[in-house]
Amino acid sequence: MPNSQSQPNLYELGKRLVENGPLKTFPTTRRVRILFDGEYIADTTSALYVWEHEYYPYYYVPRKSITGNLARPEPGSYCVARLQVEDESIDRVLVFGDELNNRSRALEGMVRIEFGDVNAWFEEDMQIYVHPKDPFRRVDVLHSSRPIEVRVNGILVARSNSAYHLHETGLPCRYYIPATAVDPQVLGHSGTTTACPYKGTANYYDVKFKDETGQKTEIKDLIWYYKTPTLECANIAGFLCFYHEKEGVEITIDGELLQRPKTPWS
């Protein structure tokens, strides 16, 4: 899965989108605003979800909704431009022209501004983080009293009769276990953090233990948790989740060993 914080080569992206079109697009009537250097540089109810790749969408906004002057590309083409706002500027702006081909026609007159290069993005009056949420994806957090056990390399490290099962479209179910149900001796703090628009900012634990021969083993970032998750996932605050797809991790629910899923993080 691409890193949502990485920045693509805009010339290559523009060329690919103009020639082949995006994977898909979806118009929205939500009010989308972009805040930069103390002012809203875009304000529109005609934004477009654009899937540049299969994992999540991006917001493109109409050129006419942008405050300030932008270069206007030749018909059927695109350009990489700079948007000047007072004494500050945004260099990574992709502008699409008119008269695009059938595959890319939805992008006519649209502008892509790098998500992380501005101060904030808003849907209506709610700030959004990392990237726009996929309108075709949902997240459900369900409490379960089914007994759950987690083993790592055959060693029991967690057991509980209470967990939250998090179902997210397109991903395997994730099992969030109370921190007190995990053996504290196997936990080692990690400095890793990641961000998710659906759940918030995650922190991580390494898992450390000795095997039957006394050999010390450490598996980096095998557990994650959210200190302050988003409102829709508030119930998982402080609960721990194991990377089920990693080698050596076994999860049993109601006495049944679950099949290890295959994901981009396997």
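Note: hydrogens, waters and symmetry copies are ignored here, and every other heavy atom, side chains too, is used.
For the residue pair Ala158 and Val182, the shortest heavy atom distance occurs at CB-CG2, 3.8 Å. Counting all heavy atoms, side chain and backbone alike, Leu48 lies closest to Ala106 at CD2-O, 3.4 Å. In this structure, Ser160 and Ala181 approach most closely via the heavy-atom pair CB-CB, 3.7 Å. In plain terms, the two heavy atoms of Pro197 and Thr230 that are nearest each other are O-CG2, 4.3 Å. Phe242 approaches Val249 most closely through the heavy-atom pair CB-CG1, 4.4 Å. In this structure, Glu54 and Leu23 approach most closely via the heavy-atom pair N-CD1, 3.3 Å.
Clustering ILVMFWY residues whenever any of their side-chain heavy atoms sit less than 4.5 angstrom apart, transitively, puts Leu156 in a cluster other than the one holding Phe209. In the hydrophobic clustering of this structure, Ile177 does not group with Leu142; members are Ile, Leu, Val, Met, Phe, Trp, Tyr whose side-chain heavy atoms approach within less than 4.5 Å, directly or through other members. By the rule that hydrophobic residues join a cluster once side-chain heavy atoms approach within less than 4.5 Å of another member, Ile155 and Leu258 end up as members of one cluster. Val85 and Val80 fall within a single hydrophobic cluster, where Ile, Leu, Val, Met, Phe, Trp and Tyr are joined by side-chain heavy atoms under 4.5 Å apart, directly or via other members. At a threshold of 4.5 Å between side-chain heavy atoms, the hydrophobic network of Ile, Leu, Val, Met, Phe, Trp and Tyr places Tyr40 and Val111 in two separate groups.
When only modelled atom types and interatomic distance are considered, Ser190 and Asp221 share a side-chain donor-acceptor pair under 3.5 Å. Tyr204 and Thr194 share a donor-acceptor pair across their side chains, judged by distance under 3.5 Å alone.
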Could you go step by step and tell me if Arg174 and Glu245 meet the salt bridge (charged side-chain N to carboxylate O under 4.0 Å, His left out) rule? CA-CA 10 Å; Arg174 299 298 189 182; Glu245 56 266 60; 2.7 Å; yes
Please report the C-alpha distance between Asn203 and Lys227 in whole Å, then the side-chain angles of each, then the deciding distance to 0.1 Å, and finally whether the side-chain contact (heavy atoms from CB on, under 4.5 Å) criterion is met. CA-CA 8 Å; Asn203 296 88; Lys227 295 178 181 179; 3.7 Å; yes
Would Met110 and Leu94 count as a side-chain contact (heavy atoms from CB on, under 4.5 Å) if you check the C-alpha gap in whole Å, the side-chain angles of each, and the deciding distance to 0.1 Å? CA-CA 8 Å; Met110 303 302 285; Leu94 187 57; over 6 Å; no
What do the steps show when you test His165 against His143 for side-chain contact (heavy atoms from CB on, under 4.5 Å), and what is the final call? CA-CA 6 Å; His165 296 189; His143 182 261; over 6 Å; no
Could you go through Leu222 and Lys246, starting from their C-alpha distance and side-chain angles, then the distance that decides it, and tell me whether this counts as side-chain contact (heavy atoms from CB on, under 4.5 Å)? CA-CA 8 Å; Leu222 192 64; Lys246 298 296 186 181; 3.7 Å; yes
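Taken from CD in Glu108 to CZ in Arg63, the straight-line distance is 10.0 Å, to the nearest 0.5 Å. A distance of 12.0 Å separates CG of Leu231 from OG1 of Thr228, quoted to the nearest 0.5 Å. Gln127 CD to Asn119 CG: the interatomic distance, rounded to the nearest 0.5 Å, is 9.5 Å. Distance OG1/Thr252 to CG/Leu257: 5.0 Å, rounded to 0.5 Å. Between Ile148 atom CD1 and Ser162 atom OG the span is 10.0 Å, to the nearest 0.5 Å.
Ion pairing of Arg159 with Glu149 is present here, as a side-chain N (NZ or NE/NH1/NH2) and a carboxylate O approach within less than 4.0 Å. Asp206 and Lys208 are not joined by a salt bridge, as no carboxylate oxygen comes within less than 4.0 angstrom of a charged side-chain nitrogen. Classification of Arg31 and Glu124 as a salt-bridged pair fails, no side-chain N sitting under 4.0 Å from a carboxylate O. A salt bridge does not link Arg16 to Glu12: none of the charged side-chain nitrogens sits closer than 4.0 Å to a carboxylate oxygen. Comment: Glu114 engages Arg112 in a salt bridge, judged by a side-chain N to carboxylate O separation of less than 4.0 angstrom. Taking a cutoff of 4.0 Å between a charged side-chain nitrogen and a carboxylate oxygen, Lys133 and Glu168 do not qualify as a salt bridge. Classification of Arg33 and Glu39 as a salt-bridged pair fails, no side-chain N sitting under 4.0 Å from a carboxylate O.
For Tyr164 and Tyr175, the gap between ring centers reaches or exceeds 6.0 Å. In summary, the aromatic rings of Tyr225 and Phe239 are positioned with their centroids too far apart to meet the 6.0 Å limit. Residues Tyr58 and Trp51 place their aromatic rings such that the two centres sit no closer than 6.0 Å. Checked against the 6.0 Å centroid threshold, Tyr56 and His131 count as a close aromatic pair.
Counting heavy atoms of neighbouring residues, nucleotides and ligands inside a 6.0 Å radius, atom CZ of Arg72 does not exceed 12 of them. Sparse packing is recorded around NE2 of His189, with 12 or fewer heavy atoms of other residues, nucleotides or ligands lying under 6.0 Å away. The environment of Arg105 atom CZ is dense: over 12 non-hydrogen atoms of other residues, nucleotides or ligands sit within 6.0 angstrom. Sparse packing is recorded around OH of Tyr11, with 12 or fewer heavy atoms of other residues, nucleotides or ligands lying under 6.0 Å away.
At a threshold of 4.5 Å between non-hydrogen side-chain atoms, the residues Tyr176 and Leu166 count as touching. Side chains of Glu86 and Asp37 form a contact here, defined as non-hydrogen atoms less than 4.5 Å apart. Using a 4.5 Å cut-off on side-chain heavy atoms (C-beta onward), Leu240 and Leu187 make contact. Between Pro135 and Phe26, the closest side-chain pair of non-hydrogen atoms falls below 4.5 Å. A 4.5 Å side-chain heavy-atom check between Thr201 and Tyr226 finds every atom pair outside the cut-off. Side-chain contact between Phe115 and Ile128: present, with at least one pair of heavy atoms (C-beta onward) separated by less than 4.5 Å. Considering only heavy atoms from C-beta on, Asp254 comes within 4.5 Å of Pro147 through its side chain. Trp121 places none of its side-chain heavy atoms less than 4.5 Å from the side chain of Met126.
Looking at Thr217, its side chain never comes within 3.5 Å of a backbone N or O of Lys210 through a donor-acceptor pair. Counting only distance, with no hydrogens or angles, the side chain of Glu88 and the backbone of Ile90 share no donor-acceptor pair below 3.5 Å. In this structure, Glu99 contributes its side chain and Gly76 its backbone to no donor-acceptor pair below 3.5 Å. For the pair Ser144 (side chain) and Arg146 (backbone), a donor-acceptor distance under 3.5 Å is present. Using a distance-only test at 3.5 Å, with no hydrogens or angles considered, a donor-acceptor pair links the side chain of Ser104 to the main chain of Val18. Side-chain atoms of Tyr60 never come within 3.5 Å of backbone atoms of Gly109 as a donor-acceptor pair (strictly under, hydrogens ignored). In this structure a side-chain-to-backbone donor-acceptor pair under 3.5 Å is missing from Glu123 to Val32. Without hydrogens or angle criteria, Ser77 side chain to Glu74 main chain gives no donor-acceptor distance under 3.5 Å. Under the 3.5 Å distance criterion, the side-chain polar atoms of Asp98 are left unmatched by any main-chain donor or acceptor of Pro75. Put simply, the side chain of Arg92 gets close to the backbone of Pro8: a donor and an acceptor are under 3.5 Å apart.
The only option from Thr28, Ile113, Val50 that meets the side chain to side chain contact (heavy atoms under 4.5 Å, CB included) definition with Tyr59 turns out to be Thr28.
Between His53 and Tyr55, the two ring planes are tilted [angle within 30° to 60°].
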